[in-house]
Amino acid sequence: MKKYRAIVALVFTTLLSSLGTQNDPYVAMKDVAGFKAKLNQKNQTINTLSCDFVQEKSLSFMAQKVISKGTMKYKKPDMMKLEYTTPFQYIMSLYKGKVIIKDNGKISKYDSKSNKVFKYVNDLMINAVQGNVANSKEFTIVFKENSKTYLMEMTPIDVTMKDYVNKVIVTVSKADYGVLKVEMTEKSGDYTLITFINRVYNTPLKDEEFLVH
């Protein structure tokens, strides 16, 4: 169970969006239906996504936040690879229903289809990057916006997942409807924030690029 909790926390680290500043606060979204329609339209055009990411993790037992960096690749419909390069090397790949992790040179493989927690994580990570969480029935969702971004504040409904995740926040750009940030807050108050930068869409990616060796 502890291993599942650690993986879930790291996965979500799989996409923290600020709730807004005093100069540009978030308010209730005016046109939720229109937002969903445009987000879905954007998603239909995305076959692959490559980008860099910066992860910020706050832990109650540490005085300072842990900052990590790496690269992410996504290929429709069900492949994603997060490769941490700084300050440590760690790889997690979602590959056709499998969760593959490389940590300290050791590779571990899990079947997400036969494990409720991993399936939940797999589906959420893929849907978060795609932006498909707007219609998720596994969360209650509050929709907000400010002048530059949309925000989906998601609370899990599933009792099991509530033990791992208190809230997930997905931030979407108003400019191009791309996912900018994903935040996961745990029951303890610890949180993980991933910010996606240098996003490039629809460059050719081979399936083999998502394998872990």
Side-chain angles (χ1 to χ4, degrees), residues 3-21 46 48-76 79-95 98-108 110 118 121-122 124-131 133 148-149 151-152 164-165 167-173 175-186 188-206 208-213:
K3 189 173 185 65
Y4 290 161
R5 187 180 300 276
I7 293 173
V8 170
L10 185 58
V11 167
F12 280 108
T13 70
T14 298
L15 289 135
L16 190 148
S17 154
S18 168
L19 293 179
T21 66
I46 299 175
T48 69
L49 168 62
S50 301
C51 67
D52 300 319
F53 69 83
V54 178
Q55 174 184 299
E56 175 183 308
K57 191 168 183 63
S58 176
L59 300 169
S60 57
F61 58 86
M62 296 184 67
Q64 295 182 329
K65 297 181 177 70
V66 179
I67 305 298
S68 307
K69 297 180 180 181
T71 60
M72 188 203 75
K73 296 178 182 179
Y74 160 77
K75 183 176 181 179
K76 188 180 287 186
M79 287 179 280
M80 180 187 297
K81 188 176 186 179
L82 289 166
E83 186 165 355
Y84 293 77
T85 56
T86 305
F88 55 85
Q89 294 183 335
Y90 183 100
I91 300 174
M92 189 202 69
S93 180
L94 308 179
Y95 180 78
K98 303 288 184 181
V99 179
I100 309 171
I101 294 172
K102 185 175 183 179
D103 187 12
N104 290 324
K106 180 181 179 181
I107 296 177
S108 302
Y110 306 89
F118 280 133
V121 169
N122 184 95
L124 180 58
M125 281 298 295
I126 295 294
N127 289 331
V129 171
Q130 291 178 332
V133 289
K148 296 182 179 180
T149 59
L151 184 148
M152 292 179 281
Y164 296 92
V165 182
K167 186 173 294 185
V168 178
I169 298 176
V170 178
T171 302
V172 176
S173 169
D176 66 359
Y177 286 84
V179 175
L180 300 175
K181 303 178 183 179
V182 176
E183 166 194 3
M184 186 277 291
T185 303
E186 300 175 49
S188 64
D190 294 346
Y191 72 80
T192 304
L193 160 68
I194 291 189
T195 301
F196 301 103
I197 55 178
N198 303 323
R199 290 171 292 142
V200 179
Y201 296 100
N202 296 330
T203 56
L205 294 176
K206 297 180 180 180
E208 291 77 13
E209 294 183 50
F210 295 85
L211 294 174
V212 180
H213 303 285

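Note that the structure is a prediction, hence the values are computed from the model and not measured. For this chain, numbers begin at 1 and follow the sequence in order.
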Residues forming a side chain to side chain contact (heavy atoms under 4.5 Å, CB included) with [X], sequence neighbours excluded:
| X | value |
| --- | --- |
| S50 | K73, T203, L205 |
| D190 | L59, S60, E186, S188 |
| N198 | D52 |
| K206 | E208, E209 |

Check step by step if side-chain contact (heavy atoms from CB on, under 4.5 Å) holds for L49 and M72.
CA-CA 8 Å; L49 168 62; M72 188 203 75; 3.7 Å; yes

Ignoring hydrogens, what is the shortest heavy-atom contact between S58 and K65? Give both atom names and the distance.
CB-CG, 4.4 Å

Closest approach of Y201 and R199, non-hydrogen atoms and distance?
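Closest approach of Y201 to R199, heavy atoms only: OH-NH1, 2.9 Å.
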
According to the interplanar angle, ranging from 0 to 90°, do the rings of Y90 and F88 count as parallel (below 30°), tilted (30 to 60°) or perpendicular (above 60°)?
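Judged by the thresholds at 30° and 60°, the geometry between Y90 and F88 is perpendicular.
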
Mind running side-chain contact (heavy atoms from CB on, under 4.5 Å) on Y95 and V212 for me, showing each step along the way?
CA-CA 9 Å; Y95 180 78; V212 180; over 6 Å; no

Would you call E56 and Y191 a side-chain contact if the rule is heavy atoms closer than 4.5 Å?
yes

Any side-chain heavy-atom pair from I100 and F210 closer than 4.5 angstrom?
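SC-SC contact between I100 and F210 ruled out.
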
[Y] backbone acceptor or donor facing [X] side chain under 3.5 Å:
| X | Y | answer |
| --- | --- | --- |
| K102 | H213 | yes |
| K69 | T85 | no |
| N202 | I46 | no |

What is the distance from atom [atom1] of [X] to atom [atom2] of [Y], rounded to the nearest 0.5 Å?
| X | Y | atom1 | atom2 | result |
| --- | --- | --- | --- | --- |
| T192 | M184 | OG1 | CE | 4.5 Å |
| Q89 | N104 | CD | CG | 9.5 Å |
| K181 | I169 | NZ | CD1 | 10.5 Å |
| L211 | I91 | CG | CD1 | 11.0 Å |
| F53 | T195 | CZ | OG1 | 10.5 Å |

Under the side chain to side chain donor-acceptor pair (under 3.5 Å) test, which residues partner S173, sequence neighbours left out?
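If we apply the side chain to side chain donor-acceptor pair (under 3.5 Å) test to S173, skipping adjacent residues, the hits are D176.
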
For K75, enumerate each residue passing the salt bridge (Lys or Arg N to Asp or Glu O under 4.0 Å) test, keeping only those at least two apart in sequence or located in another chain.
D207

Does the pair L94 and V99 meet the rule for a side-chain contact (heavy atoms from CB on, under 4.5 Å), with working shown?
CA-CA 5 Å; L94 308 179; V99 179; 3.9 Å; yes

